[in-house]
There are 2 protein chains.
Amino acid sequence: MARSTRPTIADVARAAGVSRGAVSFALNGRPGVSDRTRARILRVADEMSWQPDHRARAMRVQRAQAVGLVLHRSVDTIADDPFFASLIAGVEQVVSRHAWSLVLDVVADDDEERATYERLARERRVDGVVVSDVRVDDPRIGHLVALGLPAVTLQRPTTPSPFPAVRVDDDRGMRAAVRHLLDLGHRRIAHVAGPAWLEHGLRRRRAVEAELAAAGLAPHAVVESDFTAAAGARATAQLLDLAEPPTAVVHAGDPMAVAGLGVAHARGVRLPEDLSVTGFDDVELAGHVHPPLTTVRTDSRAWGAGAATALVDLLARRAGGDDALGGEEHDVHLPPPELVVRGSTAPPGAAAT
Amino acid sequence: MARSTRPTIADVARAAGVSRGAVSFALNGRPGVSDRTRARILRVADEMSWQPDHRARAMRVQRAQAVGLVLHRSVDTIADDPFFASLIAGVEQVVSRHAWSLVLDVVADDDEERATYERLARERRVDGVVVSDVRVDDPRIGHLVALGLPAVTLQRPTTPSPFPAVRVDDDRGMRAAVRHLLDLGHRRIAHVAGPAWLEHGLRRRRAVEAELAAAGLAPHAVVESDFTAAAGARATAQLLDLAEPPTAVVHAGDPMAVAGLGVAHARGVRLPEDLSVTGFDDVELAGHVHPPLTTVRTDSRAWGAGAATALVDLLARRAGGDDALGGEEHDVHLPPPELVVRGSTAPPGAAAT
DNA sequence: TTGTACGCGTTATCAC
DNA sequence: GTGATAACGCGTACAA
C-alpha cells in the first residue's frame with residue numbers, strides 16, 4: 001500500500017529535469033515547451049504513472065469536472081422503474097467520455113432535495129446538474145438559479161426556465177397508442193395516468209385526452225397512479241370493477257401495464273380479447289410477458305446522453321466566458337417515440353367475432 | 001448569477017472579525033474558540049450562506065469524501081436488472097448520511113474498467129470503491145491492491161482478498177426454492193443459471209445442485225443464461241423443447257423467470273399445473289405477474305447500504321492511522337434471503353389430480 | 001486566538 | 001519560442 005509514494009508534479013519535474021510549470025504545459029498540450037522536452041516529460045510521467053491530482057487541478061481551474069444527478073423518488077420506485085437506470089447509464093456514457101464524473105444523490109423528500117442541491121453548489125462538488133422528473137411549477141428551477149448552479153432539464157418545465165431542456169415528443173407516442181386502439185374499434189378507452197404533479201404524467205394524460213377528443217370521445221375513465229406496479233394493479237382492479245368496464249386501457253408506464261395484465265389474468269379476463277392494454281417505455285420485459293405488451297418505445301438512455309451533452313456544452317460555453325445559461329435556443333430535440341404493436345391489443349371482443 | 005460573490009472563509013472571518021483559523025475551528029467543532037465566538041462565527045457563516053469548498057478541504061485533508069461504484073455490464077443489462085438501482089440506492093443512502101458523495105461509472109469492457117479504477121485512484125476522485133458483481137478469479141482485487149485503493153466487495157471472492165466483504169447467504173434462498181419444489185413432489189427440476197464466471201451465478205447454481213444432490217437427484221437440465229429477460233425466454237424455450245421437459249424451473253433471477261412464464265404461457269403450457277417456476281430477488285413486478293411469482297426475496301438495498309457502511313468504516317480506520325485493509329474479520333453478514341411462495345409453483349400435474 | 005506554511009497543480013510574468 | 005519563477009486558489013494545521 002504505497003500510499004506515501006504517490007508522485008506529485010514536483011517529482012515528475014525533478015525526474016525530468018524541468019520546472020513544474022513545464023510539466024503542466026506538456027501535460028495539457030499547450031505551447032511553451034519544445035516537442036522533444038514535451039515527449040520526455042510525458043514519458044517520465046508515464047513511467048512514474050503520475051496523473052494530476054484532480055482536486056488540486058479543480059481548485060485551481062475552479063471546475064469540478066463533474067455533473068450531479070439528484071433523484072427524488074422513494075428508494076423503492078427507483079429500483080422498480082427501469083427508467084432511472086437507463087437515464088443514469090446515458091448520462092454516464094457521455095460524462096465518462098469527457099473524463100468527467102457523475103455524482104449521484106437519491107433524496108427522499110423536498111427538504112433533503114433542497115439541501116442536497118445547496119450542498120452540491122456550495123461545496124462545489126459539481127459544475128452543473130441534470131434535472132429529471134420535472135414537476136408542474138417546479139420549484140427547483142428558481143432554486144438552482146439562485147444557487148448559480150447551471151442545469152439542464154428533461155423536458156421543458158411548464159414555468160419559464162432559463163436552462164436548456166432535452167425535449168422529446170412524448171405526446172406523439174401516447175397519441176399513437178390511443179389512435180391504434182381507436183383504429184381497432186375501441187370506444188371505451190381508460191387511462192392509468194402518472195401523478196398529475198409530474199410534468200410527464202400530466203403531459204401524457206393530456207395527450208390521451210387530446211387524441212380521444214379528436215375522435216369525439218372522452219376517456220372512459222382516468223385513474224391517477226404513481227408508475228409503480230402495485231399502483232398499476234390497483235388501478236386496473238378499479239377499472240374492471242366499474243359497472244361498465246373499459247375495453248382498453250392505456251398506461252403511462254410499462255410496470256403499471258404489466259401489473260394490469262396480471263390482474264386481468266387473475267380475474268379470468270381474456271387478453272387481449274376482453275381487454276386491450278398498452279404501456280409506455282418498452283422495458284425489456286415488455287416483450288416477454290404474455291401477451292407481449294403493445295407499448296411505446298422510448299430511449300431513456302438517449303435522454304440521459306442528450307442531457308449530459310447539453311450540460312457539458314453549456315458548461316463549456318460558460319468556461320469560455322459566456323455567462324448566459326442557454327435557454328430555449330439550446331434545447332435538444334430527440335426523435336419522438338414510436339408505437340410497438342404486440343399481442344396485448346386487439347379489436348374489442350375479438351374472440352366473439 | 002452571482003458567481004463572483006461566492007464567499008470564502010476569508011470573507012466570513014472578516015465579517016465576524018476573527019481569523020480564518022478561528023472560522024475553521026468553529027465550523028469543525030473543535031476547541032480553540034470560545035463558545036460565544038463560535039456561535040457568532042456560525043451565525044455569520046450561515047447568513048452569508050457559506051460552506052467550505054469541498055475541493056480545498058479535500059486537498060488539505062487528503063480525502064475525497066467520496067466513494068466510487070464502477071458497474072461493469074452492458075448498458076442494457078443495467079437498465080433491465082432492478083438489482084443495480086437498488087444497490088445504488090442503498091449505497092447512496094449511507095453515503096449521503098455522511099455528507100459524502102457517490103461517484104458512479106458504467107464501463108463496457110475490461111480495459112475501460114481498469115482505466116476507470118486507475119483514474120479514480122490517480123486523480124483521487126474517491127477514497128474507496130464498492131466492488132459488485134464479483135467474478136470468479138476476479139482480477140480487480142489485485143488491481144485495486146496495486147493501486148492502493150481501498151475497497152469492499154459484495155460477497156467474498158473465490159480468490160484471497162484483503163478487503164472486507166458484505167456477505168449474504170444466497171445459497172440458503174436458492175436451496176429453499178429447490179426444497180419447496182421437492183416438497184411439492186417435483187423430480188424433474190431444471191435450472192436457468194446466471195453466467196458461470198460471476199461469483200453469484202456460480203454460487204446459486206452450486207446451491208441448486210447441492211440441494212438436489214441431498215435428495216439423491218441431479219438437475220434435470222441446466223441452461224446458462226445472463227440474467228436478462230431475453231436470455232431467460234430463450235432458456236425456457238429450450239427446456240420446453242426437450243423430449244422430456246422439466247416440471248419445474250428454478251431461475252437465478254426474476255427477469256428471467258418472468259420471461260419464462262411468458263414463453264410457457266405463449267405455448268399453452270398451463271401455469272402452474274404443467275410447469276412450476278421460481279425466481280430470485282423478488283422485484284416489485286414479481287408479485288404482479290400471472291401467476292404471481294414464487295421467488296426468493298433479497299434486499300439489494302441493504303446490500304448496498306452494508307457495503308457503503310463497511311467502506312466508510314474501513315476508511316475511518318485508515319484515516320485514524322490504521323493502514324490495514326480489514327480483511328475477513330471485518331466482513332459484514334446480512335440476514336439470509338427468504339422464500340416467498342406465490343402462485344407460480346404447485347405440485348406437478350396439479351390439475352390432473 | 002492569530003499568523004502562516006502547506007497541499008498540488010495552473011498560469012501570469014519574466015529572462016534568455 | 002523555451003523555460004524558470006512565483007503567485008494563486010481555499011481551507012487546515014501547527015507554531016507562536
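Lettering of chains follows the sequences in order, A, B, ..., and the numbering in each one begins at 1. Keep in mind that the numbers below use all heavy atoms, side chains included, and drop hydrogens, waters and symmetry copies. All values reported here derive from a predicted model rather than from experimental measurement.
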Asks: Table please: side-chain donor-acceptor pairs of residues 300-313 of chain B below 3.5 Å, with sequence neighbours left out.
Replies:
from: R301(B); atom 1: NH2; to: D76(A); atom 2: OD1; distance (Å): 2.9
from: T309(B); atom 1: OG1; to: A305(B); atom 2: O; distance (Å): 2.7

Asks: Only counting residues at least two apart or in another chain, list the ones meeting side-chain contact (heavy atoms from CB on, under 4.5 Å) with S49(A).
Replies: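 By the side-chain contact (heavy atoms from CB on, under 4.5 Å) rule, S49(A) matches R122(B).
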Asks: Nearest to the side chain of V18(B) - dT2(C), dC8(C), dA4(D)?
Replies: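 So the side chain of V18(B) is nearest to dT2(C).
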Asks: Rounded to the nearest Å, what distance is computed from the CE atom of residue M59(A) to the C1' atom of nucleotide dA7(D)?
Replies: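 My rounded result for the distance is 13 Å.
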Asks: To the nearest Å, give me how far apart CZ (R55(B)) and C1' (dT12(D)) are.
Replies: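 Atom-to-atom, R55(B) to dT12(D), this comes out as 17 Å.
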Asks: Check the distance between dG3(C)'s P and I9(B)'s CD1 and give it to me in whole angstrom.
Replies: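 Rounding to the nearest Å, CD1 of I9(B) and P of dG3(C) are 14 Å apart.
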Asks: I'd like to know if E113(B) and R140(B) make a salt bridge, using a cut-off of under 4.0 Å between side-chain N and carboxylate O.
Replies: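 Yes, charged N to carboxylate O under 4.0 Å.
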Asks: Looking only at side-chain N and O atoms, does T37(A) come under 4.0 Å of OP1 or OP2 in dG3(D)?
Replies: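 Answer is yes, contact under 4.0 Å.
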Asks: Calculate the interatomic distance between R63(A) atom CZ and dG9(D) atom P; express it in whole Å.
Replies: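 Value for this atom pair: 16 Å.
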Asks: With V126(B) as reference, evaluate L69(B), L149(B), V67(B), V70(B) under the side-chain contact (heavy atoms from CB on, under 4.5 Å) test and give the passing residue.
Replies: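 That would be L149(B).
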Asks: Just by distance, no angles: are the side chains of H54(B) and R124(A) close enough, under 3.5 Å, to form a donor-acceptor pair?
Replies: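 No pair is found: no donor N or O on one side chain lies under 3.5 Å from an acceptor on the other.
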Asks: Take atom CD of E123(A) and atom C1' of dG11(D), then tell me their distance rounded to the nearest Å.
Replies: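 After rounding, the gap between these two atoms is 13 Å.
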Asks: Among residues 38-48 of chain B, which ones have heavy-atom contacts with DNA chain D below 4.0 Å?
Replies: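 Contacting residues: none.
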Asks: Side-chain donor-acceptor pair under 3.5 Å between H333(B) and R167(B), yes or no?
Replies: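 Side chains of H333(B) and R167(B): no pair found under 3.5 Å.
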Asks: dT10(C) C1' sits how many Å from R57(A) CZ, rounded?
Replies: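 So the CZ-C1' distance, R57(A) to dT10(C), works out to 9 Å.
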Asks: According to side-chain hydrogen bond (donor to acceptor under 3.5 Å, both in side chains), does anything in residues 88-99 of chain B pair up with another residue at least two apart or in another chain? List the pairs.
Replies: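 Matches after skipping sequence neighbours: none remain.
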Asks: Of V95(B), I88(B), V94(B), which meets side-chain contact (heavy atoms from CB on, under 4.5 Å) against V91(B)?
Replies: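 By the side-chain contact (heavy atoms from CB on, under 4.5 Å) criterion, V91(B) pairs with just one of V95(B), I88(B), V94(B): V95(B).
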Asks: Which residues satisfy the salt bridge (Lys or Arg N to Asp or Glu O under 4.0 Å) test with R55(B), sequence neighbours excluded?
Replies: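 Salt bridge (Lys or Arg N to Asp or Glu O under 4.0 Å) check on R55(B) returns nothing, list empty.
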Asks: D35(A): which residues meet the side-chain contact (heavy atoms from CB on, under 4.5 Å) condition with it, sequence neighbours left out?
Replies: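 Scan of D35(A) (side-chain contact (heavy atoms from CB on, under 4.5 Å), adjacent residues dropped) gives R38(A).
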Asks: Compare side-chain N and O positions of W50(A) against OP1 and OP2 of dC8(C) and report whether any pair is under 4.0 Å apart.
Replies: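 For dC8(C), neither OP1 nor OP2 has a side-chain N or O of W50(A) closer than 4.0 Å.
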Asks: Does a nitrogen or oxygen in the side chain of Q62(B) sit under 4.0 Å from OP1 or OP2 of dC6(C)?
Replies: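 Q62(B) to dC6(C) OP1/OP2: no side-chain N or O under 4.0 Å.
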Asks: Between atom CG in D53(A) and atom C1' in dG7(C), what is the gap in whole Å?
Replies: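 Spelled out: CG on D53(A) to C1' on dG7(C) is 9 Å.
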Asks: Looking at five pairs on each end of the helix from dT1(C)-dA16(D) to dC16(C)-dG1(D), what is the angle between the two axes, given to 10 degrees?
Replies: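 Nearest ten degrees gives 50° for this helix.
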Asks: Apply salt bridge (Lys or Arg N to Asp or Glu O under 4.0 Å) to E118(B) and list each qualifying residue two or more places apart in sequence or on a separate chain.
Replies: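 With neighbours one apart ignored, the set is empty.
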Asks: Using whole Å, report how far CZ of R60(B) lies from P of dG11(D).
Replies: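 Nearest whole value for this atom pair: 14 Å.
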Asks: Grab the N/O contacts between the protein and nucleotides 14-16 of chain C below 3.5 Å, and write none if there aren't any.
Replies:
none

Asks: Tell me every residue that passes salt bridge (Lys or Arg N to Asp or Glu O under 4.0 Å) with D127(A), counting only those two or more places apart in sequence or in another chain.
Replies: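 Counting only residues at least two positions away or on another chain, D127(A) forms no salt bridge (Lys or Arg N to Asp or Glu O under 4.0 Å).
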Asks: Taking salt bridge (Lys or Arg N to Asp or Glu O under 4.0 Å) as the test, write out the residues that go with R119(A), two or more places apart.
Replies: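 Testing R119(A) for salt bridge (Lys or Arg N to Asp or Glu O under 4.0 Å), a comparison that skips the adjacent residues, returns D105(A), E123(A).
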Asks: Residues of residues 19-35 of chain B with any non-hydrogen atom less than 4.0 angstrom from an atom of DNA chain C: list those, numerically ordered, please.
Replies: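 Heavy-atom contacts with DNA chain C come from S19(B), R20(B), A22(B), G32(B), V33(B), S34(B).
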Asks: So does R14(A) pair up with D11(A), basic N to acidic O under 4.0 Å?
Replies: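 D11(A) and R14(A): salt-bridged.
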